[in-house]
**Q** 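First the structure, then my questions, so here it is.
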Number of protein chains: 2
Amino acid sequence: MQELLFEFISKYITLNEEEKNVLLSLDLFRSVKKGTTLLNEGQNSKDSYFVLKGCIRTYYIKGGEEKTTAFFTEMEALTPPCVTSQTPSEYYVSCEEDAILLISNSDTGEEVNLKFPKFEIMCRKFSEELLAKERINFDEFKTSSPEQRYLNLIQKRPDLIQRVPQHQLASYLGITPVSLSRLRARIIVNNKN
Amino acid sequence: MQELLFEFISKYITLNEEEKNVLLSLDLFRSVKKGTTLLNEGQNSKDSYFVLKGCIRTYYIKGGEEKTTAFFTEMEALTPPCVTSQTPSEYYVSCEEDAILLISNSDTGEEVNLKFPKFEIMCRKFSEELLAKERINFDEFKTSSPEQRYLNLIQKRPDLIQRVPQHQLASYLGITPVSLSRLRARIIVNNKN
DNA sequence: TTCTTTTCTTATCTTTAGATAACGAATGTA
DNA sequence: TACATTCGTTATCTAAAGATAAGAAAAGAA
């Protein structure tokens, strides 16, 4: 697991042994059981999540309905808005598979960044990259129909379709579960012709 | 204009006079006429944009149709994916109003960041903030109907509805111009009852 | 195992978005 | 000014999504 993390970090900065040890000494690795709620609506957390293994999910409850908006799997990171805006969380974060996460508190994170400018650089590059990706994703979402979005998802994140229940995928695709089921049936029929 | 910039920066870091002068010496301010294309599809640019005044817009051309995906107005920033990924741009960036932009090259940007860690910190905070906002936006988009998205836009960015042609707003909302026109009519009728 | 809950599908009906065309209004240009 | 282009609305038709209900299959718990 540590190796995975360092390999990931090496895409942004080069760490020496000492720096690696500093990072490990922070003791950020956590095993989390499937079904665990990491963040509740209304809660005021300072924790960010980096997924080393498993899958976590963000969802809102609107009109009594769960609205899933994102999944974070291996090597993906989530800093909930409540962390930076210091307001109660609008959504839930739950663990969808037994997972190994790196959970870091924003206060200690800031400290580390101050002591090790390298980490600051890494964080900057990483968030710039995530922002660019997020915008592209959003662009694709806006310019596609539900069916295209589903087909696109099959291409881009085939694993998600296997590891996540369909009704969660549905709201992730911006549609209802019933609609996704129909749409899938339609695709199969059309492919036969 | 410089004052506006420094005021914005002060939300993230504190600059002394010397640092302000360094920033100004980079000579990044540009006046851009309405209608100017800042970035073409297929182009390999290294420029990022920060809007001090005016409005710029990103759009794709898909099947001969313009698909507008984003607007950037006062104090908003755009680093096109081609800048960081070093691949040809997938979209266009055009100037929708006479504007004053801060246009910075990613190479010189990196240099400045190296010399002034403060800028690095600012960039990190700024992109983290933008990422959080972008995700919230995307979440709201996914969990709303076209009509709710339009009403939401009226609340959140009332200026856009005034300053941008409706057919561009439409694809920004993920729908066709005809559909937006209809939806607006529907809202008016429903409000009368 | 049995029972319950969750998940997915299918069907019906209603609502709304997409495609296309036609029209008037506004805008820009010669 | 006259002309052309762009822009927004409206109407028609089609296709697909939302709401709701019902049922089967799968998963989880007692």
Side-chain angles (χ1 to χ4, degrees), chain A residues 33-37 55 57 59 61-68 71 92 94-98 141-154 160-193, chain B residues 33-36 55 57 59 61-68 71 94-98 141-154 160-193:
Chain A
K33 282 271 165 238
K34 173 174 176 173
T36 308
T37 297
C55 176
R57 163 183 156 249
Y59 64 96
I61 294 190
K62 278 191 171 185
E65 296 260 297
E66 268 191 23
K67 301 279 185 180
T68 297
F71 298 99
Y92 299 79
S94 72
C95 183
E96 298 301 313
E97 296 171 359
D98 288 351
F141 194 94
K142 275 181 185 170
T143 58
S144 318
S145 65
E147 187 170 323
Q148 290 171 320
R149 296 201 290 259
Y150 177 69
L151 293 171
N152 192 35
L153 190 67
I154 293 178
L160 265 196
I161 298 185
Q162 303 306 324
R163 60 205 287 199
V164 155
Q166 206 165 291
H167 66 281
Q168 292 178 4
L169 272 186
S171 48
Y172 181 66
L173 291 169
I175 56 178
T176 61
V178 180
S179 196
L180 176 55
S181 181
R182 232 173 357 203
L183 174 164
R184 281 163 43 94
R186 203 166 56 221
I187 289 171
I188 293 166
V189 172
N190 287 341
N191 276 356
K192 282 190 182 155
N193 304 345
Chain B
K33 282 270 165 237
K34 173 176 175 169
T36 308
C55 176
R57 165 185 154 246
Y59 64 96
I61 294 191
K62 277 192 173 183
E65 296 259 299
E66 269 190 22
K67 302 277 185 181
T68 297
F71 298 100
S94 73
C95 183
E96 298 300 312
E97 296 172 359
D98 290 349
F141 194 95
K142 275 182 185 168
T143 57
S144 318
S145 65
E147 188 170 321
Q148 289 172 321
R149 295 201 289 259
Y150 176 70
L151 294 170
N152 191 36
L153 190 67
I154 294 178
L160 264 195
I161 297 185
Q162 304 306 323
R163 59 205 288 199
V164 155
Q166 206 165 292
H167 65 282
Q168 291 178 5
L169 272 186
S171 48
Y172 180 66
L173 292 169
I175 55 178
T176 61
V178 181
S179 195
L180 176 56
S181 183
R182 232 175 353 203
L183 172 164
R184 280 163 44 92
R186 203 166 57 218
I187 290 170
I188 294 166
V189 171
N190 288 343
N191 276 356
K192 281 187 183 161
N193 304 346

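Excluded from the calculations below are hydrogen atoms, water molecules and symmetry mates; all remaining heavy atoms, backbone and side chain alike, are included. Naming convention: chains lettered A, B, ... in sequence-line order (proteins, then strands); numbering from 1 in each chain.
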**Q** List for me each residue that meets ring pair (Phe, Tyr, Trp, His ring centres under 6.0 Å) alongside A:Y150, sequence neighbours excluded, and say none if there are none.
**A**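 Not a single residue meets the ring pair (Phe, Tyr, Trp, His ring centres under 6.0 Å) criterion with A:Y150.
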**Q** Hey, could you give me each pair passing salt bridge (Lys or Arg N to Asp or Glu O under 4.0 Å) that has a residue in residues 163-181 of chain A? Not counting sequence neighbours.
**A**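 Listed once each, the pairs are A:E74-A:R163, A:E97-A:R163, A:D159-A:R163.
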**Q** How far apart are the closest heavy atoms of B:Q148 and B:T143, and which atoms are they?
**A**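 Taking every non-hydrogen atom into account, OE1-O, 4.1 Å.
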**Q** Have a look at the helix from C:dT1-D:dA30 to C:dA30-D:dT1 and give the angle its two end axes make, five pairs each, rounded to 10 degrees.
**A** 50°
**Q** Expressed as a whole number of angstroms, how long is the span from B:K142:NZ to D:dA17:C1'?
**A**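 Between C1' of D:dA17 and NZ of B:K142: 18 Å.
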**Q** Grab the two heavy atoms, one from B:I161 and one from B:L169, that are nearest each other, plus how far apart they are.
**A**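 Answer, listing the atom of B:I161 first, then B:L169: CA-CD1, 3.8 Å.
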**Q** Does the side chain of A:V164 come within less than 4.5 Å of A:E96's, by heavy atoms?
**A**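 In short, these two side chains do not touch, never coming nearer than 4.5 Å.
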**Q** Could you tell me how far apart A:E65 (CD) and D:dG18 (P) are, to the nearest whole angstrom?
**A** 12 Å
**Q** Which word best sums up how the rings of A:Y59 and A:Y92 line up, parallel for under 30°, tilted for 30 to 60°, or perpendicular for over 60°?
**A**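 Aromatic pair A:Y59/A:Y92 classed parallel.
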**Q** Can you tell me the distance, in whole Å, between the CD atom of A:Q162 and the P atom of C:dC8?
**A** 12 Å
**Q** Could you write nucleotides 13-30 of chain C as a row of B, S and -, 5' to 3', where a protein heavy atom under 4.0 Å of any base atom gives B, of only sugar-phosphate atoms gives S, and otherwise -?
**A** ---SBBBB----------
**Q** Looking at every non-hydrogen atom in both residues, tell me the closest pair between A:T68 and A:Q168 and how far apart they are.
**A**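 Closest heavy-atom pair between A:T68 and A:Q168: CB-O, 3.6 Å.
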**Q** Scan nucleotides 5-7 of chain C against the protein and return all N/O pairs shorter than 3.5 Å with their distances rounded to 0.1 Å.
**A**
| unit_1 | atom_1 | unit_2 | atom_2 | d |
| --- | --- | --- | --- | --- |
| C:dT7 | OP2 | A:H167 | NE2 | 3.4 |

**Q** Would you say NZ of B:K62 has more than 12 non-hydrogen atoms from neighbouring residues, nucleotides or ligands within 6.0 angstrom?
**A**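 Correct, the count exceeds 12.
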**Q** Rounded to whole angstrom units, what separation is found between the NZ atom of A:K62 and the P atom of D:dA19?
**A**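 So the NZ-P distance, A:K62 to D:dA19, works out to 13 Å.
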**Q** What are the two closest non-hydrogen atoms of B:C55 and B:F71, and how far apart are they?
**A**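 Minimum heavy-atom contact is SG-CD2, 4.1 Å.
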**Q** Could you tell me how far apart B:I161 (CD1) and D:dG8 (C1') are, to the nearest whole angstrom?
**A** 15 Å
**Q** Starting at CG of A:L180 and ending at P of D:dA17, how long is that distance when rounded to a whole Å?
**A** 10 Å
**Q** Can you name the residues that form a side-chain contact (heavy atoms from CB on, under 4.5 Å) with B:S179, not counting sequence neighbours?
**A**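 Testing B:S179 for side-chain contact (heavy atoms from CB on, under 4.5 Å), a comparison that skips the adjacent residues, returns B:I175, B:T176, B:R182.
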**Q** Could you state the CZ-P distance from A:R163 to D:dA27, rounded to the nearest angstrom?
**A**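 Roughly 17 Å, once rounded to whole Å.
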